[in-house]
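See below for the structure under consideration.
Excluded from the calculations below are hydrogen atoms, water molecules and symmetry mates; all remaining heavy atoms, backbone and side chain alike, are included.
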Amino acid sequence: MVEEFIDSALIIDDKTTEVEKLLELLEQKDIWVKHHLPEDLIKQTTVFKNRKIIFLDLYVDEAKELVPNIALIRNIFSKVIGKKFGTYGIILWTKHLGEIDEFKKRISNDADQYDLPMFIIGLDKSPYLQSNNYSGVFEEINSKLKESTAAQFFMEWSTIVRTGKDEAISSIYSLIKDYNIQEENLKFILCQLAQNYTGIPYSKAVDYPLHIDAFKAFNDMLHYEVANGAEPESNLFDNLDEIYFSGTSATTNNYKYSVKNYIKGKMDDKSIKKDNVILSSAQKKDNTNKPNISSIENEIHSIYSEVNTKLLLENSHINQEFIIPGNVYKICKDESVLKIDAAEMPQNSTPIAIELTPPCDFAQMKMRAPRCIGGYLTDFENFDIVPTKDYLYKEVWPIKIDGYQKSQMIVFDFRFFGMVNEKELKNPAEYQILFKTKDKLFADILQKFSSHIARLGLAIIK
């Protein structure tokens, strides 16, 4: 696993003699590697390019105690890694395995200084130094990584995506075998891929960033290659009974919740553990537990809101001038056929509208005027007070929206449907664009709206 993942490595150690054999081993594996002394890195003025693995001596200065050494490492990382280094893992190449937790604790506070590692594992270098035989290094690293779900997933995913990326690119470039016409013909194909992605008519694509849609189209091909070529080395989720979310704050870190009993955003009491012991019925009813349980629930929702936003929404490359199906707008004008009455929304909600013209009509320029549905953004904690009605769409929560402190949920009301003048929709004083829904979310909204609008019924005297 690790040999397929690592294509570059960095070694930070104050003793050259202790890493000579490690350098040789990595080079034999065709891994680009370089060793740096800590005192040289302190003087470094530019950040390094990404290295997938950093072998790091915990005591980079043998004359200092543990905490000053960790402070020195943090200072080095702020100089050589920075905020655009990319993903990597750390192997603490040390004689002091018992002190790794302290290193993890202190380095976790530096997220605003440099990219934090995806994983940190320890490797005792003493046996290798004593025997002067490094042949078992990769076997031990693999063994350690298999104990870490985070490390194993990160490395397998990175390897699969790298392979899938190459396959996706080759599958298109190999279609044009004549290099004399490759440039021209590939540009034609890429343009077609881009235009096909959103279906924007060529007459409207002059000032539109069409190359961004070409990137998105390649993402879909990458997805195809990954799905068809992925062969995970193991099942990371083979024991659902042992997968838990632990509280991270000082008042909740002795509470855990089972993934198996966390259903539809709700915490089942069966999932609650305190100090790794399932709570008794009396403890579950004890009100002193409630604030802690609520805090963990908020932690999970906060994380889910970040993930859902990446899965369902596009916040970049949106433009008020381009009206595209799936665009979501804040309704700023007082008078709008799409604006829901304040009495029908939870307090402090934001009225919104989504452009819902079917993509085929949009691509063939049959839309005449944008077709929109009204709704609102509201704090996700209002989920229970939003009524369950067949004319309401409230599948999306929680999500994170720029400018909103709390996680939000999206509600659309299918009763507020109509055409909007294109000039109005391009005016941010009337309709301010917020984000665009990705294909899966847009298709789900359109399908549920179609189902609602096509309902049949009979007026019967009963």
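Shown are L26, N142, I91, L123; of these, the side chain to side chain contact (heavy atoms under 4.5 Å, CB included) with V137 is made only by L123.
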TODO: Check step by step if salt bridge (charged side-chain N to carboxylate O under 4.0 Å, His left out) holds for D444 and K448.
DONE: CA-CA 6 Å; D444 191 61; K448 287 181 170 59; 2.7 Å; yes
- [ ] Evaluate the ring pair (Phe, Tyr, Trp, His ring centres under 6.0 Å) criterion for residues F48 and H36: first the C-alpha distance (whole Å), next the side-chain angles of each, then the deciding distance (0.1 Å), finally the verdict.
- [x] CA-CA 12 Å; F48 288 143; H36 287 277; 5.0 Å; yes
- [ ] Kindly indicate, with the supporting measurements, whether the criterion side chain to side chain contact (heavy atoms under 4.5 Å, CB included) is fulfilled by F245 and E299.
- [x] CA-CA 10 Å; F245 182 91; E299 284 184 39; 3.8 Å; yes
TODO: Output, in order, the C-alpha distance, side-chain angles, deciding distance and verdict of side chain to side chain contact (heavy atoms under 4.5 Å, CB included) for L92 and I90.
DONE: CA-CA 6 Å; L92 282 175; I90 287 180; 4.1 Å; yes
TODO: List the steps, then state whether side chain to side chain contact (heavy atoms under 4.5 Å, CB included) holds for Y329 with I433.
DONE: CA-CA 4 Å; Y329 302 84; I433 191 166; 3.8 Å; yes
TODO: Could you check I200 against L210 for side chain to side chain contact (heavy atoms under 4.5 Å, CB included), going step by step and ending with a plain yes or no?
DONE: CA-CA 9 Å; I200 187 168; L210 205 55; 4.0 Å; yes
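Between I373 and F449, some side-chain heavy-atom pair lies under the 4.5 Å cut-off. Taking the side chain as every heavy atom from C-beta outward, M409 and I399 never approach each other to under 4.5 Å. The closest side-chain heavy-atom distance from I54 to I81 is below 4.5 Å. Considering only heavy atoms from C-beta on, M155 comes within 4.5 Å of F119 through its side chain. No side-chain heavy atom of W93 sits under 4.5 Å from any side-chain heavy atom of I12. Looking at heavy atoms from C-beta onward, D61 lies out of side-chain contact with D14 at the 4.5 angstrom threshold. Considering only heavy atoms from C-beta on, Q182 comes within 4.5 Å of Y179 through its side chain. Within the 4.5 Å cutoff, side-chain heavy atoms of P387 are placed close to those of L392.
Using a 4.0 Å cut-off between charged nitrogen and carboxylate oxygen, K216 and E314 count as a salt-bridge pair. Salt bridge annotation for E62-K15: present, with a cationic side-chain nitrogen under 4.0 angstrom from a carboxylate oxygen.
In plain terms, the two heavy atoms of S302 and S305 that are nearest each other are O-OG, 2.6 Å. Nearest approach of L434 to N315, heavy atoms of both residues: O-OD1, 4.1 Å. Here the closest non-hydrogen pair linking F442 and T437 is CB-OG1, 3.5 Å. The two atoms that bring Y88 and L116 nearest to each other are OH-C, 3.7 Å, heavy atoms only. Closest non-hydrogen pair, G86 versus D115, comes out as N-OD2, 3.0 Å. The two residues E355 and I324 have their closest heavy-atom pair at CB-O, 3.9 Å.
Here the CG-OH distance, from L22 to Y134, works out to 7.0 Å after rounding to the nearest 0.5 Å. In this structure, NZ in K79 is found 6.5 Å from CD1 in I42, a value given to the nearest 0.5 Å. With rounding to the nearest 0.5 Å, the separation of CD1 in I100 from CD1 in I121 is 8.5 Å. Note: W32 CH2 to L10 CG = 8.0 Å, rounded to the nearest 0.5 Å. With rounding to the nearest 0.5 Å, the separation of OG1 in T17 from CG in N132 is 10.0 Å. Note: K29 NZ to F138 CZ = 6.0 Å, rounded to the nearest 0.5 Å.
Q408 and D379 form a side-chain donor-acceptor contact under 3.5 Å, judged by distance and modelled atom types alone. Between the side chains of D402 and Y404, no donor N or O sits under 3.5 Å from an acceptor N or O. Counted by atom type alone, Y224 and D220 present zero donor-acceptor pairs between their side chains at under 3.5 Å. No side-chain donor-acceptor contact under 3.5 Å links Y208 and N319. Residues Y128 and E140 bring a donor and an acceptor atom of their side chains to less than 3.5 Å of each other.
Within the cation-pi definition used here (under 6.0 Å to the ring centroid, within 45° of the axis), K64 does not qualify as a partner of Y59. K394 forms a cation-pi arrangement with F383, by the criterion of a distance under 6.0 Å to the ring centre and an angle within 45° of the ring axis. Judged by the 6.0 Å and 45° rule, R106 forms no cation-pi pair with F103.
Distance alone, capped at 3.5 Å, places no donor-acceptor pair between the S349 side chain and the M345 backbone. Checked by atom type and distance alone, the side chain of D213 never pairs as donor or acceptor with a backbone atom of Y197 at under 3.5 Å. K438 contributes a side-chain N or O that, together with a main-chain N or O of K310, makes up a donor-acceptor pair within less than 3.5 Å. Side chain of K400 to backbone of Q405: a donor-acceptor contact under 3.5 angstrom is found. Panel note: side chain S78, backbone N75; a donor-acceptor pair is recorded below 3.5 Å. A donor-acceptor pair is defined here as one N or O able to donate and one able to accept, closer than 3.5 Å; no such pair exists between the side chain of S170 and the backbone of E167. When atom types are taken as modelled, the side chain of S148 and the backbone of L145 share no donor-acceptor pair closer than 3.5 angstrom. Side chain of N69 to main chain of V60: a donor-acceptor pair is present (N/O by atom type, distance under 3.5 Å, no hydrogens or angles). For the pair N327 (side chain) and F322 (backbone), a donor-acceptor distance under 3.5 Å is present. In terms of modelled atom types and a separation under 3.5 Å, the side chain of S143 and the main chain of E139 share no donor-acceptor contact.
The aromatic rings of F5 and F154 lie perpendicular to each other, with more than 60° between the two planes, well past the 30° mark. The aromatic rings of W397 and H301 sit tilted, their planes meeting at an angle between 30° and 60°.
Within a 6.0 Å sphere centred on CD of Q447, other residues, nucleotides and ligands contribute more than 12 heavy atoms. With a 6.0 Å radius and a threshold of 12 heavy atoms from other residues, nucleotides or ligands, D30 has its CG atom at or below the threshold. Heavy atoms from other residues, nucleotides or ligands lying under 6.0 Å from NZ of K83 number more than 12.
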